[in-house]
> 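Shown below is the structure under consideration.
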Amino acid sequence: MATMNLFRLARPGCAGARLLLNQQSRPLTRWGAMRSVAAAPVVSQPKSQQLVQRRDYVTRAATNMWAGERAIAVALLALLPAGVALPGYMVIDVSIGLLLPLHCHFGLHQLVTDYIHTQIGHRIFGVALPLITGLTIMSFFYFNYFDIGITAAFRKFWKAL
């Protein structure tokens with residue numbers, strides 16, 4: 001009977017009741033770090049409550065990733081015209097060499113997530129995509145430091161057309 005009363009107290013906004021339900025549940029601080037909680041009576045959470053908490057964590061992580069992807073896209077909107085107008089500046093070249101492969105990586109990752117539904121496909125692309133992205137970033141850095149740079153090469157190519 002005492003367990004039923006604890007489950008009734010466990011509403012989504014009621015942190016104190018969640019602490020009574022399980023000693024393993026630890027509330028998040030303002031910055032997302034875990035704080036320790038004093039020992040409470042051990043009563044397992046209902047499965048639906050565990051799923052709601054898991055979905056909330058996944059949703060926050062996806063929202064932060066989406067915001068990062070948008071920030072990279074906006075930065076590229078400013079960097080690409082600046083690179084065309086001011087070729088040869090190392091800061092612009094290195095920024096483009098880092099952000100352009102990351103932008104492509106995030107796009108290809110979403111493509112794999114949305115359209116490849118096999119376990120082996122996710123394993124293959126889970127290894128191949130970060131390797132290709134890393135090699136591309138290292139290649140751009142090498143090209144920027146030991147050759148003319150991305151923006152100067154683009155301008156040279158454009159003039160040759």
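The shown structure was predicted, so the numbers you read here are calculated from the model rather than taken from an experiment.
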> Between N144 (side chain) and G97 (backbone), is there a donor-acceptor pair under 3.5 Å?
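Checking the backbone N and O of G97 against the side chain of N144, no donor-acceptor pair under 3.5 Å is found.
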> Are L102 and L108 linked, directly or through other ILVMFWY residues, by side chains that come within less than 4.5 angstrom of each other?
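In one cluster: no.
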> Test of understanding: with side chain to side chain contact (heavy atoms under 4.5 Å, CB included), list the residues that count as partners of M138, not counting sequence neighbours.
L135
> Could you see if I116 belongs to whatever hydrophobic cluster contains L129? Use Ile, Leu, Val, Met, Phe, Trp, Tyr and a side-chain cutoff under 4.5 Å.
no
> If hydrophobic clusters are built from ILVMFWY residues whose side chains come within less than 4.5 Å, do I137 and L79 share one?
yes
> Taking atom CE of M65 as the centre, does the number of heavy atoms from other residues, nucleotides or ligands within less than 6.0 Å exceed 12?
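No, not enclosed.
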> Under the side chain to side chain donor-acceptor pair (under 3.5 Å) definition, can you give me all pairs with a residue in residues 68-81, not counting sequence neighbours?
none
> Show me the pairs that pass side chain to side chain donor-acceptor pair (under 3.5 Å) and involve residues 71-81, at least two apart or across chains.
none
> For residues 153-161, which side-chain N or O atoms pair as donor and acceptor with protein atoms under 3.5 Å away, sequence neighbours left out?
from: R155; atom 1: NH2; to: V84; atom 2: O; distance (Å): 3.4

> Remaining members of W66's ILVMFWY cluster at a side-chain heavy-atom cut-off under 4.5 Å?
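Answer for W66: none, a lone residue.
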> Remaining members of L77's ILVMFWY cluster at a side-chain heavy-atom cut-off under 4.5 Å?
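Members alongside L77: none; it stands by itself.
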> Enumerate the side chain to side chain donor-acceptor pair (under 3.5 Å) contacts for residues 90-112, please, sequence neighbours excluded, ordered by first and then second residue.
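Found D93-T151, H105-T133.
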> Is there any side chain to side chain donor-acceptor pair (under 3.5 Å) pair reaching into residues 78-87, and which pairs are they, with sequence neighbours excluded?
none
> Per the ring pair (Phe, Tyr, Trp, His ring centres under 6.0 Å) rule, what does the pair list look like for residues 113-152, sequence neighbours excluded?
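Of all non-adjacent pairs touching residues 113-152, those that pass ring pair (Phe, Tyr, Trp, His ring centres under 6.0 Å) are Y142-F146.
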> Given the rule that I, L, V, M, F, W and Y join up when any side-chain heavy atoms are under 4.5 Å apart, are L76 and L98 in one cluster?
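Linked, L76 and L98 end up in one cluster.
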> Does I120 sit in a hydrophobic cluster with other residues, and if so which ones, taking ILVMFWY side chains as linked at heavy-atom separations under 4.5 Å, directly or through other members?
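In the cluster with I120 are I124.
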> Membership question, hydrophobic clusters at under 4.5 Å side-chain separation (ILVMFWY): are I132 and L99 in the same one?
no
